[in-house]
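What follows is one structure encoded as structure tokens, with my remarks underneath.
Each chain gets a letter, A, B and so on, in the order its sequence line appears, and its residues count up from 1. All figures in this text were calculated on a predicted structure; none of them were measured in a lab.
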Amino acid sequence: MILIVSLLVLLMLVGAVAACVFKDLLSAIIAAALVSLIAAVLFYFLQAPDVAMAEAAVGAALTTAIFVVAIRRTNRYEQ
Amino acid sequence: MVNPVLLIVVPLGFAFLIPILSLLSKKAAKYIPPIPLCFNIVVSLLLLPRALENPVVVSIGGWQPAFSINLVAGPVGILLSAVVAFVGLLVSIYAVDYIREGATDRYHMLFLLLLTGATGVVLTGDIFNLFVFFEILCISSYALVAYAGDKAGIESAVKYLIQGAVGSSLLLIGIGLLYGLFGTLNMADIAKALQSPSSLPVFVPMALIISGLGVEAAIFPLNGWLPDAHSSAPSPVSAILSGIAIEVGLYAIARVVFTIFGLSIDSTSNFLMFLAVLGILTLLVGEMCALGQNNIKRMLAYSSIGQMGLILFALAMASSYAVVGGLFQLVSHTLAKALLFLTVGYMTYRTHSLDVSALAGIGKRMPITSLAFTIGAFSLIGLPPFAGFPSKLLIVRAALATKECLFFVLIGGALLGTVIEAAYFFRIVQVLYFKDGNTNIARKQVPAVALIPIVIFVILIVGIGIYPKFITGLLSSAAAELLNRVDYIRNVLG
Amino acid sequence: MRKIISVLLLSIVAVGIYLSVSHIPFGAPKTKVGGHYVEQGMEETGAANMVTSVVVIYRGFDTLGEVTVLFIAAVGLAAVLGIAGQQGFPREPASFVLRNACVVIFPLILLCGTYIFAHGHLTPGGGFQGGVVIASAFVLSYLGGRERRISKRLFGSVESLAGLVFVTTGLIGLAVGGYFLSRILPNGRPYSLLSAGIIPIIYIAIGFKVGSELAGIIDNLIEETK
Amino acid sequence: MTFLENYVFYVGAFGLVLIGLFTILVKRNLIKAIIGLAILDTGVNLFLISVGYLARGTAPIYTRAEQGAQPMVDPVPQALVLTAIVIGVAVLALALALAIRLYRHYGTLDLRKITEQRW
């Protein structure tokens, strides 16, 4: 159990670093969505199903959608 | 049956009502904000006699305080919520005529919600609830700064939003740490459980919370957003941001420092000393930058930073005398700065330029407005017949009464700041009256709707300046409430 | 240079937080208020989901504030983007399959969202989660039928009415019970749909409000994507 | 192993907080900074939930079946996080709207190049 959690945390941090370094903003947004998704799983492990649901719906789906709309109306690459 | 919760809920209800009303008539929205604000003034005045005897504590939902959110309407709360409602009312009357472009109903909704947030921060007795109302205040200010949609407004709103959002996250981490340490969110309950504020695990959340709130209160290293945001917003918004938003941030810091963490000058003076030094640093930085400005709104914004530093310094001295001075300065700054922004709003509207030199000769063209501007500026400098004089005098006397070497040095810095302040305000007044400028500005006064609030502000500033006892009674009980932690805990928890 | 300063600053923050967090043992019982809610909550509010009872009843004022924050964001976003409030212009239609699939799925997602917020006091989920699901149905409808727009007037009215329902419920509580948001309805039989006093009313209001606000936000962002 | 058990969630939470703050401080692209803000929010939320966790606790939802002697985790942080998530998404949406508007004015999102306002 603890190993699975540690692995997920590690993956989440890697995702966050990736979101920070990627030059292509679309990739960075997907990495940020991955962070949110893993966070939702961690919320579930922490016995918080309500929050897991909200985080999955808001963080992984809705936020990603607004980000994608926003970069479509601006610029996809970080200069 | 007057309940402090009405002060928050009624403006909120009216704000929710505006979209429906504006379906019926496009013009209706601008007349809505004055109604709940008038109501708030009446409710505050009705609550005042009860609050002066004993803070009115009400819980939401009807459980014991620690188990539900509660509002504490003590003298400080009532004083500040009345100031918020009063200044808000005058500015909203001014805005009826001033705000014409774009979807005006959105402006009025955001304006009303900003004031609701400020009232909520002032009244709440729960730390997480404070965070929520603080967010209401901040997010509506971000939107209002960007409201006009011009280059400068959007750019400053972006800076403001990024810094403000980081500040709120720090605040939330601090709240989480406090909840982990004490298992409760009620401020009185935390205060009761918290014994020594200097121990390290408690110091960290305190530092986080203060730096989070400090972003909004524009304390020195965290105030990069303020001059941009306050100078590029529409003038009524600048008046509210300078007159209310930053003061509310400062109040929240004082509440956290004095009530939750119970810092007092004798036990753990180090941190308060640090805050006092920070205050004077903020003052000097703000005034120095203001001196070099040519953009008049930017100058006023820097002057707000300076004044915040002075108030922070006064509050950090933590003697009852000094806190009275700080609160007095807070009230007089609110009145004077709101007045200045309102008058500058119409002056720059006529000259079509924010440059100080463009104001040359305005004194003859717009005599009443210029006179009002001069009075506001003199009050901020602290010249005798105006409200700024007794407040600055109180702070100086409080600093001398501490008999601490550090405070003597710091008050010297504050006086230096005042001299600088006098220098740049006199320069503007001189430009207004004694310089001949562009003569093709129409000899036209401000419209009556806008003139009424300006005149009321002038009357108040002069009135308080001549007869300060008018509010010092209320201020001293407010200061006593802010400093007396034991009574606060007893009143809330019973 | 900037990076070095940032790293230094952040390491100070990290050390400070470590010192404080080491006094908050993970997994140990440490809360005062939480324990009370868990023990008494079921009796006092009649809701099986304690998170719901904390969100709506014990800390209902926070929730009102939070709904207000979302309202501000929706209003502010429209103000910032300078949207006039009329119907948008039509755009090119999507492909046949996508379009018809969306027509079929759209009501199902709405139903799912409604289920989530109507059962907020019994199962995980509630007003926000249900509202977000409803909003996601509208995201889908943009993908499928691009020429379709939501009616801004209708959504604006739903938003305001839902907010007013919340405030009015609280004010009735103030008039009847003496406290804002006090329980004016009986708790009812536990574990049944119509139970838990005012929780379902408030959660339905929140569900509609959050749903319409988020759908409005997305609509405003997508507008004029030419 | 005990260190891992005690701190893994805190490490995850504050790791996200620090990475988010670093992104905001260092990156000059506005959308990147907003992504940092989103990561920061997630980290704070994860921290709040970890504070409320109880070893071997169950989710704070009563079911008809008997609970047994199992304790429940603290519902308060979960309620706070629900609020914080919604506030976070509100700020994010507003920030992105500002970014779109900024791009329309300046044609760039690089904060170094956007210097109309100066100290």
Side-chain angles (χ1 to χ4, degrees), chain B residues 3 5-6 9 12-13 15-20 23 58-63 66-69 102-103 106-107 109-110 113 116-117 120 126 128-129 132-133 135-136 139-140 142-144 146-147 149 154 157 173 177 179-186 189 193 200-205 207-208, chain C residues 13 16-17 19-24 29-37 40 44 57-66 68-69 71-73 75-85 153 156-157 159-164 166-168 170-171 173-175 177-183:
Chain B
N3 194 312
V5 76
L6 292 175
V9 175
L12 204 57
F16 287 151
L17 202 62
I18 290 179
I20 294 186
L23 284 184
V58 290
S59 79
I60 310 289
W63 278 274
F67 296 116
S68 69
I69 292 168
R106 298 208 182 101
Y107 167 84
M109 269 186 261
L110 292 171
L113 288 167
T116 313
D126 184 283
F128 189 78
N129 199 232
V132 171
F133 280 114
E135 285 294 299
I136 294 182
I139 297 177
S140 40
Y142 310 148
L144 279 174
Y147 165 77
I154 298 283
I173 296 175
L177 287 174
Y179 186 78
L181 290 169
F182 301 109
T184 175
L185 290 163
N186 187 293
D189 216 20
L200 201 63
V202 180
F203 179 77
V204 174
L208 286 170
Chain C
V13 173
I17 287 174
L19 289 173
S20 195
V21 157
S22 57
H23 289 260
I24 307 174
K30 46 195 164 296
T31 68
K32 222 154 108 181
V33 217
H36 172 89
Y37 293 155
Q40 309 286 325
E44 285 182 353
I57 301 287
Y58 295 108
R59 305 191 66 85
F61 212 48
D62 276 350
T63 308
L64 182 58
E66 165 197 353
T68 311
V69 167
F71 180 71
I72 294 172
V75 172
L77 190 120
V80 167
L81 291 176
I83 284 157
R153 285 173 165 243
S157 314
E159 212 174 299
S160 317
L161 280 178
L164 285 173
F166 197 150
V167 171
T168 321
L171 284 177
L174 182 66
Y179 296 99
F180 188 75
L181 277 179
S182 59
R183 294 146 299 154

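Leu113(B) touches chain C through its side chain: at least one heavy atom from C-beta onward sits under 4.5 Å away, while N, CA, C and O do not. In this structure, the portions of Phe128(B) lying under 4.5 Å from any heavy atom of chain C include both its backbone and its side chain. Only the side chain of Tyr37(C) has a heavy atom closer than 4.5 Å to any heavy atom of chain B. Contacts between Phe133(B) and chain C at a heavy-atom distance below 4.5 Å involve the side chain alone, from C-beta outward. Heavy atoms closer than 4.5 Å to chain C are found in both the backbone and the side chain of Ile69(B).
Minimum heavy-atom separation, Leu181(B) to Pro205(B): CD1-CG, 4.3 Å. Looking at every heavy atom in both residues, Gly117(B) comes nearest to Ile136(B) through CA-CG2, 3.9 Å.
Highest contact tally toward chain B, considering only Asp62(C), Ile17(C), Val69(C), is held by Asp62(C) [criterion: heavy-atom pairs under 4.5 Å]. Counting heavy-atom pairs under 4.5 Å between each of Ile72(C), Leu19(C), Thr168(C) and chain B puts Ile72(C) at the top. Here Leu12(B) is the residue among Leu12(B), Leu144(B), Asn186(B) with the most heavy-atom pairs under 4.5 Å with chain C. Note: Gly180(B) leads Ala193(B), Ala146(B), Gly180(B) in heavy-atom pairs under 4.5 Å with chain C. Residue with the most contacts toward chain C among Ser59(B), Ala207(B), Ala15(B), Gly13(B): Ser59(B) (heavy-atom pairs, distance under 4.5 Å). Chain C forms more heavy-atom pairs under 4.5 Å with one residue of Ile154(B), Leu177(B), Ile139(B) than with any other, namely Leu177(B).
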Query raised in the report: Can you list the steps and then say if Leu110(B) with Val75(C) is a side chain to side chain contact (heavy atoms under 4.5 Å, CB included)?
Result: CA-CA 8 Å; Leu110(B) 292 171; Val75(C) 172; 4.0 Å; yes
Report task. Start with the C-alpha gap between Phe182(B) and Asp189(B), add the side-chain angles, then the distance that decides, and say whether side chain to side chain contact (heavy atoms under 4.5 Å, CB included) holds. Result -> CA-CA 9 Å; Phe182(B) 301 109; Asp189(B) 216 20; over 6 Å; no
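Remark: side-chain polar atoms of Ser20(C) are not paired, donor with acceptor, to backbone N or O of Gly16(C) under 3.5 angstrom.
Using a 4.5 Å cut-off on side-chain heavy atoms (C-beta onward), Asp126(B) and Phe61(C) make no contact. Inter-residue side-chain proximity for Tyr179(B) and Leu185(B) is flagged as met; some heavy-atom pair is nearer than 4.5 Å.
For the side chain to side chain contact (heavy atoms under 4.5 Å, CB included) test, residues two or more places apart in sequence or in another chain that qualify with Leu171(C) are Leu6(B), Val9(B), Val167(C), Leu174(C), Phe180(C).
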